[in-house]
Each structure stands twice: as C-alpha cells, then as structure tokens.
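Numbers restart at 1 for each chain; the letters A, B, ... are given by sequence-line order, proteins then strands.
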Amino acid sequence: MENIIIEVKELNTYFDESHILKDVYLDIPRNAVTSLIGPSGCGKSTFLRTLNRMNDVIPTFKKEGTILLDGKEIYDPDVDVVDLRKRVGMVFQKPNPFPKSIFENVAYGLRVHGNNDKKDLERRVEASLKEAALWDEVKDKLDDSAMGLSGGQQQRLCIARTIAVEPEVILMDEPCSALDPISTTKIEDLIHKLKNEFTIIIVTHNMQQATRVSKYTAFFLHGEIVEKGLTDKIFIEPEDKRTEDYITGRFG
Amino acid sequence: MARNWEEFLVEKVLLLAAISSIIIILLIIGFVIQQGLPAMEQVGPLNFIFGMDWSPSYDIYGVFPMIVGSLGMMALALIFAVPLSIFGAIFLAEVAPKTMRRILKPTIQTLAGIPSVIYGFFGLIVLVPFMRIHFGGSGFSMLTASIILTVMVLPTILSISEDALRSIPLEYKEASLALGATHWQTIKNVIFPAALPGIVTGIILGMGRAIGETMAVIMVAGNTPIIPGSILEPARALTSNIALEMGYALGLHYNALFATGIVLLMMIIVLLVVTNYINYKRKVTVGGGYL
Amino acid sequence: MISMPRIISPHHAQKIMNVVLWGVGLLAIVILIIIIGYILWNGLPQFSLEFIFGNPVGSGESGGIWPMIVSTFYVTFIALIVATPLGVLAAIWLAEYAGESILVKAIRFAAETLASIPSIVFGLFGLTFFVVFLQMGFSVLSGGLTLALMAIPTILRTAEVSIEAVPQSYKEGSLALGASKWQTIYRVVIPAAIPGITTGIILGMARAIEETAAILYTVGAALAIPMSIWDPARPLPLHLYILATEGVSLPNAYGTAAVLVLIILIITISTNYLVEKYTKKMMGR
Ligand SMILES: Nc1ncnc2c1ncn2[C@@H]1O[C@H](COP(=O)(O)OP(=O)(O)OP(=O)(O)O)[C@@H](O)[C@H]1O
Ligand SMILES: [Mg+2]
C-alpha cells in the first residue's frame with residue numbers, strides 16, 4: 001500500500017451505554033478517495049465524525065482506541081481540536097451554508113483563523129470557488145445570501161468553504177444524498193479533481209458512486225468493518241458473503 | 001342534523017371567546033381615551049406631551065418630565081440588562097452543563113415570577129439605603145429604579161434570547177466547528193448573528209416591561225415630577241404619575257391622569273408594532289432558505 | 001466584528017468568555033438567593049398563628065393579615081372563573097378552527113397587546129369602567145374583573161401552545177372513527193392538552209395574586225374581611241405596598257412579603273413539576 005495518512009486501531013465508540021463502533025481497524029491512504037459503505041445505522045457517520053472529533057460536542061460520546069493522523073494520536077490531551085479540524089475538514093449531508101453572503105461563507109474559515117487581509121481573502125475566496133467549480137455561477141453575486149443558491153450550488157459552496165482552509169483530509173458524509181442527479185455528477189467530478197490534492201473519505205449509500213469516485217472502500221455492518229480494500233476488488237470479488245449480499249442489494 | 005347544529009353552535013361560542021380579546025382591547029383604549037381626551041383638549045396635546053411643568057394645584061399639566069423619567073430609567077436598565085441577559089442566554093444555550101441548567105432555568109423563572117411589589121419593597125429597604133450611603137443624596141433615584149428594573153427585565157430578555165439561540169440549527173454550529181473555529185468564535189460569528197432578530201424581540205419586550213412597571217419604580221425612584229439633573233437624582237415615571245395621584249384626583253386632574261395613560265399606551269403600541277415587523281422580516285428571510 | 005485586529009488569540013478569547021459566561025450565570029443565582037433569602041429571613045420570624053389568622057390592629061401596625069389572605073383569594077378566584085373559560089375557549093378556536101384570516105391576525109394582535117399593556121392602565125380602565133361606569137364601586141368584583149382581563153392573554157397563549165402540541169395522529173385517529181370535530185376536540189384534544197392548560201391557569205393565577213397596580217384603584221383598601229363581592233378589600237400586595245410606603249409597620253411588611261414570596265415559590269415549583277411530569281408522559285417514559 002502507499003503512504004498512509006490516518007491509521008485507526010482498535011477503535012470502540014459509545015453513546016452512553018450503547019456500543020456503536022466495535023474494534024475498528026482502518027488505514028486511510030494519502031491523496032486518494034476512500035468510500036465508507038454499509039446499511040443505515042451501522043456507524044459510518046459516527047466513524048467519520050470521530051476523525052475530526054466532531055463527536056466531542058455530544059456529551060454522551062465516549063471512545064477507546066487509537067487514531068493517528070500522520071502518526072500523531074488526535075485524541076491526545078495536547079492536541080488542539082481547533083487545529084485538528086483545520087487539518088481535517090468536513091462536508092455534511094445536508095448543505096449547510098451559513099446565513100451570510102456567498103463571499104462571507106468562503107471567507108469564514110480564513111477569518112476565524114486570523115486572516116483579515118482583504119486582498120488576500122478575495123484571492124483565496126476566488127481560488128476556492130474556482131476549485132469547487134462554482135466560480136462562474138456566482139462570480140457576479142458574491143454579496144448575495146448563500147441561502148438563495150440551489151441545493152447543489154450550496155453543497156459546492158460548502159466544499160469551497162472547506163477547501164479554502166486548506167485541510168489535508170476532507171470528510172464527506174453522504175454529500176450528494178440531498179441532491180439531484182446533475183448536481184451529483186458535478187460533485188463527483190469535483191471529487192475526482194480534488195483527490196490529487198486532498199485525502200477524501202466519503203460516506204455513500206450509492207454503490208455506483210462508490211465505484212465511480214473511490215479507489216478504496218470499507219464496508220461497515222453493525223459497527224464493525226466486514227471488508228476493506230481496493231474498491232474494484234470489493235465490488236468484483238468480495239470475500240465475505242455479507243459484503244456480496246449488500247452490494248448486490250440482497251440485504252435486508 | 002342535531003349534530004350539525006351542535007357543531008355550529010360550538011364554533012360560534014368559541015369564536016365569541018376569541019373575539020373577546022379584541023372587544024376588551026377596544027374597550028380599554030376607548031375608555032382611557034374618552035377619559036383622557038378632555039385633558040388633552042384643554043391643555044393642548046403638544047403642551048401636554050412637551051410641557052415641562054406638572055402642578056395639579058394650578059391645573060398645569062405637562063408630562064414631559066415623566067416621559068424623560070420613564071425612557072431614562074428604561075434606557076439605563078437596558079444598558080445593564082442587555083449584556084447580562086445575552087451572556088446569560090449564551091451561557092444557558094451553549095455553555096452550561098446539565099446540572100447548572102437545571103438550577104439556572106428555575107432561577108430565571110422565579111426571578112420572573114417575583115411580584116413587582118416585592119422588588120419595590122426590597123429596593124426600598126435594601127437598595128435605597130445602600131445607594132444613600134455609597135452615592136449620597138436620598139438614595140431614591142433614577143439609578144436605583146434602573147437597578148431594580150434590570151433584575152425585573154433580565155428574565156424576559158434572557159429567556160427569549162435563549163430560545164432564539166437554541167432555535168439556530170445545529171448544522172450551522174457543526175459547519176463552523178468543522179472549519180476549525182473555536183466554540184466562542186462559532187457563537188460570536190454564526191449563532192449569535194442568526195439569533196439576533198429573536199434577541200431584539202426579547203429586548204423590545206424588556207423595554208415594554210420596564211416602561212410599564214409601576215410598583216417597583218414608585219417605591220424607589222423618588223417621584224419628583226421634574227427632569228433629573230443626573231441619574232442620581234429622583235425622577236418620576238409615567239406609570240408612577242398615575243398611581244401616585246389617582247387617589248385624590250378630581251376634575252381636570254383626573255382626566256390628565258388618563259391622558260398620561262394614553263401616552264403610555266402609545267409607547268407600548270409602537271413597541272408592539274416594531275416587534276411584529278421584526279418577526280415578519282425574520283419569517284421572510286428564513287423562509288428564503290431551506291430551513 | 002470578525003475583522004477586529006487580533007489582540008488576543010482565539011484560544012484566550014475562549015477562556016475569557018467561559019469565565020464571563022459562568023460569572024453571569026452565577027450572578028443570576030446569587031441575586032435570586034439574596035432577594036428571596038432577605039425577605040424570608042426577615043419575614044419568617046414574624047409568622048405566628050396570630051399573624052396569619054388574626055385581624056390587623058389599627059391600620060396594620062400589629063395584628064394579622066387574615067383579611068388580606070381572604071381578599072387575595074377572592075379576587076384571584078373571580079379573575080380565574082372569568083378568565084379561564086374565555087382564555088381556554090379562545091385558545092381552542094385559534095388552535096383548531098382559525099385559518100389565516102384578517103380576523104385571526106387581529107385577535108392575535110389584540111391578545112398580544114393585552115399581554116403588554118401596563119398594569120396601571122388596566123387599573124385606569126377598571127376604575128372608569130367597572131367602578132364608575134358599571135357602578136360596581138371599589139369592590140372585590142371590580143378588582144377581580146380587572147385582574148381577569150390581565151390573566152386572559154396568559155391563559156390563552158399557554159393553552160393555545162399546548163393544544164397545538166397535541167399530535168395530529170390523535171385527531172386523525174378519532175376523526176377516522178367517525179367522531180365529529182367538536183367530539184374529537186373535547187374527547188381527545190383537550191384531555192391531551194390538560195397539563196398545558198392547567199399550567200396556563202396557574203400562571204394566570206400567579207399574575208392575579210401578585211398584581212398591585214391594577215387593583216390600586218379598583219378594590220378599595222378596606223381592612224375588614226369582605227363579606228360579599230360588592231365589599232371593598234385589601235389583597236396582600238396592596239397591603240404590603242401600603243405598609244411599606246406609609247411606614248406603618250416594618251415587621252408586618254416583612255411578614256406580608258414573606259407570605260407573598262412563599263405563595264409565588266409554591267406556584268413556580270408546582271408548575272415546574274407539572275411541566276416536567278407532562279413532558280415525561282409525552283416522551284412515553
Ligand atoms: N448523538 C447520538 N446519541 C445516541 N446515539 C446515536 C447518536 N448518533 C448516532 N447514534 C446511534 O449510533 C448508531 C450509528 O449511527 P450513525 O449515524 O453513525 O449511522 P450511519 O451508518 O451514518 O447511518 P446512516 O446511513 O443512516 O447515516 C445508530 O444506531 C444511532 O442511533
Ligand atoms: Mg450517517
């Protein structure tokens with residue numbers, strides 16, 4: 001395997017007493033797309049949100065095990081969550097732009113990290129919007145509210161907002177599930193473009209999407225990883241019966 | 001058929017009950033205006049509102065000092081209460097752990113429920129002597145009244161602001177945190193601005209409560225009907241003006257007190273219209289998004 | 001706001017704000033403890049059988065407050081028997097029958113205005129309408145009716161919210177069995193909303209018990225126990241106001257204040273209990 005950026009070992013997570021993730025081991029290769037698939041409620045979102053410590057906001061959340069980002073445990077007491085989230089960005093299932101202007105949405109992350117130079121902000125906002133393939137659609141209305149954009153545009157705006165902070169990893173939790181097919185295609189194209197620069201982990205319910213966008217795949221079931229590896233391998237000749245059932249839609 | 005009749009009757013009875021609010025409001029406004037108008041006419045509305053002198057024994061009625069008194073106490077109280085309430089609301093909505101919330105929520109509720117005459121009594125017995133010792137003068141002053149009013153409007157502004165903060169979708173918060181903003185940056189730059197219209201509504205309701213308060217103010221403000229030279233001097237509110245003199249007012253004086261009531265009513269209605277406008281605007285802007 | 005020059009790092013700002021926010025939260029608790037504590041500390045020692053159940057001597061220099069307790073009970077009772085049906089029925093209409101017409105908007109605006117009119121203006125109205133125009137005189141009835149007007153919006157709003165909170169599925173279940181709209185409302189909707197409606201009535205009651213300005217010129221100020229609704233009376237808050245501002249008796253003022261505070265505390269605690277129980281029930285626990 002190539003260069004590994006995130007190493008997850010013996011991960012167990014809980015909400016109160018309920019045991020969600022069970023003994024999860026997973027290596028995430030750098031600058032590639034990894035898909036997480038599995039039936040609803042199996043813990044994919046929980047896993048994703050553990051990687052940028054988003055679950056910290058949920059008081060009942062507990063975790064055991066190791067998660068190394070570039071060899072450094074991200075739950076160590078000396079790790080600053082804020083820095084971690086700068087390095088590990090996240091795009092949510094429902095597009096969630098702030099109720100601010102398009103420009104301010106993209107500038108937000110830069111501003112909270114101390115960038116106040118107007119020229120520099122403008123340059124970076126433009127670059128991020130271009131990278132997110134949204135620039136041509138919004139360049140004349142940067143001061144309009146982001147809430148006026150279509151769902152697909154909003155989601156690309158959220159991606160632009162995330163890459164503006166220049167993270168190393170981008171977590172995407174079913175980023176297309178609220179979008180129409182055309183918007184979905186645009187986001188998938190975008191993912192292809194971004195994978196050279198970023199490590200992307202994407203949760204998806206759409207098997208085709210997993211095969212289209214990702215090089216690696218991990219299959220979750222009831223909080224455990226049943227099978228993981230190259231996407232082509234998993235979808236063409238799965239080793240586990242349960243994986244096969246799931247990807248062929250024979251799953252209950 | 002009998003059933004249809006019953007349904008019909010019930011609906012009309014319910015409708016009647018609902019309409020009673022309108023009838024009561026019209027009656028209140030009608031009667032207060034009817035009793036107050038003679039004074040407004042005789043004195044002249046402008047002389048009444050902007051007159052600097054209130055001397056019933058000479059049949060001179062100008063309520064401007066009381067308008068200044070009411071607005072001054074309200075403004076001072078808001079200067080103290082707004083930051084306290086907003087921080088308190090942020091604390092409750094975002095920071096306080098569960099046990100703390102379980103203590104603080106009933107605390108705020110109880111503060112809201114304490115009778116105004118108790119606030120006035122406490123002010124009279126504890127705060128007035130305290131102010132006299134530390135700031136000189138009689139201790140009865142605009143500032144003293146504002147401090148009591150601060151505690152009285154705090155629960156109103158705080159609980160409405162908390163509701164507004166809580167109603168902001170979690171997605172905004174998560175989006176901001178996911179970009180590496182600190183919790184406080186998230187509150188300051190995302191949650192608070194989004195909740196602002198609701199918070200402003202709370203502040204306006206607090207204004208209404210401060211302007212309308214009678215008993216607590218009467219007991220600590222000193223009640224001299226002249227514009228105070230400083231916040232440490234006594235002042236009289238519009239409400240107090242009515243309550244103090246209604247007991248012995250006759251003739252034009254009696255009408256002038258109702259006219260004072262008209263001025264109060266106008267202030268409250270302006271505040272209400274502003275709140276409704278804000279709520280309307282809020283619905284329109286939020287309705288534009290996917291929320 | 002965001003573009004302020006960065007004097008302190010976000011991390012320090014976070015720490016400072018945590019301290020400020022905790023400080024404000026604790027301040028609110030301290031204020032409450034001081035006020036309630038002070039009143040009870042000075043008032044409870046005045047309590048005795050004679051103080052609670054005795055008649056005042058002179059104009060209240062000594063003796064008890066029984067007539068004031070009775071007066072408070074009477075005016076509150078009148079306020080509630082008038083305001084409860086009006087408030088609850090209006091709430092049912094608004095929640096179940098009203099659409100989005102001008103009339104509905106007008107009713108809502110009226111109720112809202114009613115809720116924000118200063119109590120002294122209610123007092124003015126009570127004086128000119130009940131006392132003078134309807135010739136009820138300074139009496140328990142005039143005071144009680146004035147308080148009723150103030151309690152209506154409180155009851156209405158709380159009841160409306162709780163009726164609206166009744167799940168649509170309950171209603172559909174009943175309607176599907178062939179029940180009429182009104183049958184559904186009074187057999188299904190109202191029973192489900194009862195805890196909320198009760199809360200509204202208790203809140204209206206609290207408003208009536210504590211109100212002073214609105215009764216200042218409507219109930220009179222008699223020291224004797226009112227024998228009928230036409231007699232003048234002196235409810236507790238009015239008594240406290242007179243004792244305190246006319247310097248009649250500080251110990252008795254403390255005692256009266258403590259009685260009022262205790263009543264309000266009991267009301268607050270019991271509404272909280274009701275609401276909590278209700279939410280638990282709704283959550284199916
Ligand atoms: N905040 C929470 N508190 C308690 N339990 C939770 C919480 N969030 C998730 N869970 C539980 O954890 C389990 C895994 O949830 P998770 O959201 O990770 O599933 P998922 O695989 O992302 O499902 P989906 O495909 O539907 O998004 C579920 O059983 C869910 O009920
Ligand atoms: Mg999920």
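- With a 4.5 Å cut-off on non-hydrogen atoms, A/Val88 touches chain B through its backbone but not through its side chain.
- Under the 3.5 Å distance criterion, with hydrogens and angles disregarded, no donor-acceptor pair is assigned to the side chains of A/Asn31 and A/Asn196.
- A salt bridge links A/Arg111 with A/Glu104; the closest basic N to acidic carboxylate O contact falls under 4.0 Å.
- A donor and an acceptor atom, one from each side chain of A/Ser45 and A/Asp173, are located under 3.5 Å apart.
- For A/Arg53, no part sits under 4.5 Å from any heavy atom of chain B, backbone or side chain.
- When each of A/Asp80, A/Leu84, A/Val82, A/Val57 is checked for heavy-atom pairs under 4.5 Å with chain B, A/Val82 comes out on top.
- A distance of 11.0 Å separates CG in B/Asp163 from OG1 in B/Thr201, rounded to the nearest 0.5 Å.
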